[in-house]
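To start, the structure itself, in structure tokens.
Residue numbers begin at 1 in each chain, while the letters A, B, ... track the order of the sequences.
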Number of protein chains: 2
Amino acid sequence: MPPDSRTTASVRPMRADARRNYDRILTAAAEAIAEQGAEASLEEVARRAGVGSATLHRHFPSRQRLLEAVFRDKVEDLCAVAADLAADPDPGRALATWLGAVARHAVSNRGLAASLMRGAHDGDPAWGATCHTMITDAGADLLARACRANAARPEVSITDLLTLVNAICLAVEHDPDGTTHADRLLTLALTGIRPEGPQVVNR
Amino acid sequence: MPPDSRTTASVRPMRADARRNYDRILTAAAEAIAEQGAEASLEEVARRAGVGSATLHRHFPSRQRLLEAVFRDKVEDLCAVAADLAADPDPGRALATWLGAVARHAVSNRGLAASLMRGAHDGDPAWGATCHTMITDAGADLLARACRANAARPEVSITDLLTLVNAICLAVEHDPDGTTHADRLLTLALTGIRPEGPQVVNR
DNA sequence: TACGATATGGAGGGCCACCCCGTTTACGCA
DNA sequence: TGCGTAAACGGGGTGGCCCTCCATATCGTA
């Protein structure tokens, strides 16, 4: 959300040069993050964008803000997918499909998982619709339906599921063929959410 | 493994001062990591130990090496637990118990999960028994038994399981009541490993 | 065109990992 | 016990990072 697209009328539109730099930084950040993950050097992002580091910090006061801007449209995609799946006649399958989509996005966009996860805790306040809350809201509906259809245990929360998915993707990020591993692990993990599943004998 | 305990006769024992500093660094590192996690500043570790930073780097050429040294005995504990559980009449329960123990260790020792996970990929070569391989070996046996007793799906690998456990613990590390979350997530995830479990409808 | 509001980025501070190399220390032997 | 040497030490340097300040440049408008 570039600042000039806010609905509040009191906010002036960005100046053209500011807008240009904002976009350049975003592009550069996307590249750098794709190559080096969520921990990419902000200084290098600025360098790639041909911009002073102060400019980067003015537009994005924290790494988290930058990540959220970079991944905003991916997250919106996922929310849209969730909305579509809400109409699926099989809510259990819909939920599983969606979680699979989340995982695929997270694996193929380095840093996304980290971004979604971080948002959970140290998300800075006074920042409305973070990626984290967006995606949580989107998934909550799918889970509720699955639950009503007796396709998910009632004690499972959407936070649990997303944490699990993100944890797996994060764990797999430094892995040559992460996609494969993420897939097996997710399949494995998701088997546990169905109510008729066997009781686990843990501890 | 402090260098002087190697079996090779050609290696001289450490000098007393070196030994002393090695131990001091290890203690300081354990404290710092307990407080700040696996990313604790090495410089501060050296400061706490009352040692120059060069000394720290001489003894532990990489952060990973330091982590491994710090957690070595914890990992040995886990291996011992695994050895005990190998005699359990119920191999499925034994495996679950052990994975629970791994999780508990990882949650209560900040940095352990990170250490075990990192060891998997960028572990530097020419470094024999890393924590990662130690624990993998220990668990492989339990899993094999569980599998033979039809208490685990044959296509599940010990790497899968440990990755899952570590991923969960890592995800939960920045969480106020991590133990609780780790527990639910692990229970959830482990339900999927039993062969008679319901088929997952993923993707 | 000229002016005020806005945006910029170089320079600098604080912190960090890692290394170089002159100095100190412990050990083994006479 | 005293001494020579190999081993260990650590101060200080390098370069990178994140972040902030403020003198300067640029934009949009009257």
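Checking D/dT20, C/dG9, C/dC19 against every side-chain atom of B/Ser53, the shortest atom distance belongs to C/dC19. Taking the side chain of A/Asn21 as heavy atoms from C-beta on, and the options C/dC18, D/dC9, C/dT8, the nearest nucleotide is C/dT8. The A/Ala54 side chain lies nearest to D/dC21 when the options are D/dC18, D/dC21, C/dA17.
Taking atom NE2 on B/His57 and atom P on D/dG11, their separation rounds to 15 Å, with Å as the unit. Straight-line distance from the CZ atom of A/Arg20 to the P atom of C/dT6: 18 Å, rounded to whole Å. The distance from atom CZ of B/Arg65 to atom P of C/dC18 is 13 Å, rounded to the nearest whole Å. Straight-line distance from the CZ atom of B/Arg19 to the P atom of D/dC9: 12 Å, rounded to whole Å. Separating the CD atom of B/Glu43 from the P atom of D/dG11 is a distance of 11 Å, rounded to the nearest angstrom. Protein atom CG of B/Leu56 is 11 Å distant from nucleotide atom P of D/dG10, rounded to whole Å. When rounded to the nearest whole Å, the span between CG of B/Leu66 and P of C/dC16 equals 15 Å.
Contacts of B/Ala18 with the nucleic acid, taken as non-hydrogen atoms under 4.0 Å apart, involve only primed sugar atoms and P, OP1 or OP2. Among the protein residues, A/Arg63 comes within range of the sugar-phosphate backbone only, with heavy atoms under 4.0 Å from sugar or phosphate atoms but none that close to a base.
In this structure, B/Thr55 reaches the D/dG10 phosphate: one of its side-chain N or O atoms is under 4.0 Å from OP1 or OP2. OP1 or OP2 of C/dT8 lies within a sub-4.0 Å distance of a side-chain N or O belonging to A/Arg58. Residue B/His59 places at least one side-chain N or O under 4.0 Å from the OP1 or OP2 atom of D/dC9. Look at B/Arg47 and you'll find a side-chain N or O under 4.0 angstrom from OP1 or OP2 of C/dC16.
Put simply, the side chain of B/Arg63 gets close to the backbone of B/Ala40: a donor and an acceptor are under 3.5 Å apart. Checking side-chain atoms of B/Arg184 against main-chain N and O of A/Asp160 turns up no donor-acceptor pair under 3.5 Å. Within the 3.5 Å criterion, the main-chain N or O of B/Val51 finds no donor-acceptor partner in the side chain of B/Arg24. In this structure a side-chain-to-backbone donor-acceptor pair under 3.5 Å is missing from B/Glu68 to B/Thr130. Put simply, the side chain of A/Thr97 gets close to the backbone of A/Arg93: a donor and an acceptor are under 3.5 Å apart. Checking side-chain atoms of A/Trp98 against main-chain N and O of A/Cys79 turns up no donor-acceptor pair under 3.5 Å.
A salt bridge links A/Glu76 to A/Arg72: one of the charged nitrogens lies within less than 4.0 Å of a carboxylate oxygen. A salt bridge links B/Glu35 with B/Arg48: the distance from a Lys NZ or Arg NE/NH1/NH2 to an Asp or Glu carboxylate oxygen falls below 4.0 Å.
In this structure, A/Ile25 and A/Thr55 have side chains that are in contact, with non-hydrogen atoms separated by less than 4.5 Å.
Partner of B/Phe60 under the side-chain contact (heavy atoms from CB on, under 4.5 Å) criterion, chosen from B/Leu42, B/Leu66, B/Val45: B/Leu66.
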Check the interface with nucleotides 27-30 of chain C: list each N/O to N/O pair with the protein under 3.5 Å, or write none.
| unit_1 | atom_1 | unit_2 | atom_2 | d |
| --- | --- | --- | --- | --- |
| C/dC27 | OP1 | B/Ala16 | N | 2.9 |

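For the segment residues 28-42 of chain A, no residue has any heavy atom less than 4.0 angstrom from an atom of DNA chain C.
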